[in-house]
Amino acid sequence: MPEVLRLFGFSFMFYSNEHEPIHIHVVGKGGRARYVWSEENKCFVETECYKIKGSDMKRIREVISDNTDLFIEMWNHFFYE
């Protein structure tokens, strides 16, 4: 499982046997979330959240937004190069 970032006690990663569309799993502090790339909106959209506090979700959304290019680049590098 390629880990792209680890910040604030959360791992931002994808699994090595993933499927389209591009998406990022966030795991940590006993919870998890999933963000899927929306081609229409040109951003990652939250599709799953389980047992993550609101204050942590705010940080996670900021990390996702600030690192969108990195997540897409790492996905493409891992799956297509």
Side-chain angles (χ1 to χ4, degrees):
M1 92 183 118
E3 182 179 62
V4 180
L5 290 173
R6 181 178 289 271
L7 294 169
F8 309 115
F10 291 94
S11 175
F12 296 76
M13 50 110 183
F14 49 86
Y15 296 101
S16 59
N17 62 343
E18 287 286 22
H19 53 82
E20 294 285 340
I22 297 172
H23 58 281
I24 298 295
H25 297 273
V26 182
V27 180
K29 299 184 181 181
R32 67 178 183 270
R34 182 173 178 253
Y35 289 80
V36 175
W37 177 251
S38 169
E39 192 62 43
E40 179 180 329
N41 299 318
K42 301 296 186 205
C43 66
F44 282 97
V45 177
E46 179 186 321
T47 59
E48 177 185 326
C49 179
Y50 177 75
K51 289 192 172 184
I52 298 179
K53 295 188 300 184
S55 57
D56 285 328
M57 286 304 295
K58 182 179 178 184
R59 281 183 165 173
I60 289 169
R61 283 190 295 271
E62 288 173 358
V63 170
I64 296 280
S65 178
D66 291 346
N67 292 282
T68 294
D69 292 341
L70 174 64
F71 293 131
I72 293 171
E73 179 183 330
M74 293 300 293
W75 176 283
N76 288 331
H77 176 74
F78 188 83
F79 290 108
Y80 301 113
E81 291 183 9

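Just the heavy atoms: all of them, side chains too, but no hydrogens, waters or symmetry mates, feed the values below. If you're wondering where the values come from, they're calculated on a predicted model, not measured in any experiment.
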Asker: As a test of understanding, state which of T68, V45, I24 forms a side chain to side chain contact (heavy atoms under 4.5 Å, CB included) with W37.
Answerer: T68
Asker: For the residue pair I52 and F10, establish whether any side-chain heavy-atom pair is separated by less than 4.5 Å.
Answerer: yes
Asker: Give, for atom CZ of F78 and atom CD of E73, the distance between the pair rounded to the nearest 0.5 Å.
Answerer: 14.5 Å
Asker: In Å and rounded to the nearest 0.5 Å, what is the CZ to SG distance from R61 to C49?
Answerer: 8.5 Å
Asker: Quick check on K42: does its NZ atom have over 12 non-hydrogen neighbours (other residues, nucleotides or ligands) under 6.0 Å away?
Answerer: yes
Asker: What's the shortest heavy-atom distance between P2 and S16, and which atoms?
Answerer: CD-N, 3.9 Å
Asker: Is the count of non-hydrogen atoms from other residues, nucleotides or ligands lying under 6.0 Å from H19 atom NE2 greater than 12?
Answerer: yes
Asker: If every non-hydrogen atom of K51 is compared with every non-hydrogen atom of G30, which pair is closest and at what distance?
Answerer: CB-O, 3.8 Å
Asker: Identify which one of W75, F44, F12, Y15 satisfies the ring pair (Phe, Tyr, Trp, His ring centres under 6.0 Å) criterion when paired with H23.
Answerer: W75
Asker: Is there a path of hydrophobic side-chain contacts, each under 4.5 Å between heavy atoms of I, L, V, M, F, W or Y residues, that connects F8 with M13?
Answerer: no
Asker: So do N67 and V4 actually touch side chain to side chain, heavy atoms under 4.5 Å?
Answerer: no
Asker: Does any non-hydrogen side-chain atom of R32 lie less than 4.5 Å from one of E48?
Answerer: yes
Asker: Give the C-alpha distance, both sets of side-chain angles, the deciding distance and a yes or no for side chain to side chain contact (heavy atoms under 4.5 Å, CB included) between E46 and M57.
Answerer: CA-CA 10 Å; E46 179 186 321; M57 286 304 295; 3.2 Å; yes
Asker: Linking I/L/V/M/F/W/Y whenever any side-chain heavy atoms sit under 4.5 Å apart, do I72 and V36 land together?
Answerer: no
Asker: Show, in sequence, the C-alpha distance, side-chain angles and deciding distance for I22 and E20, and conclude whether the side chain to side chain contact (heavy atoms under 4.5 Å, CB included) test is met.
Answerer: CA-CA 5 Å; I22 297 172; E20 294 285 340; 4.2 Å; yes
Asker: Quick check: is L7 connected to I60 through a chain of hydrophobic side chains (ILVMFWY, heavy atoms under 4.5 Å apart)?
Answerer: yes
Asker: Stepwise, does the ring pair (Phe, Tyr, Trp, His ring centres under 6.0 Å) test hold for Y35 with F71?
Answerer: CA-CA 11 Å; Y35 289 80; F71 293 131; 9.1 Å; no
Asker: Is it true that, when you exclude E40 itself, more than 12 heavy atoms of the residues, nucleotides or ligands shown sit nearer than 6.0 Å to its CD?
Answerer: no
Asker: Are V27 and L70 co-members of a hydrophobic cluster defined by side-chain heavy atoms under 4.5 Å apart?
Answerer: no
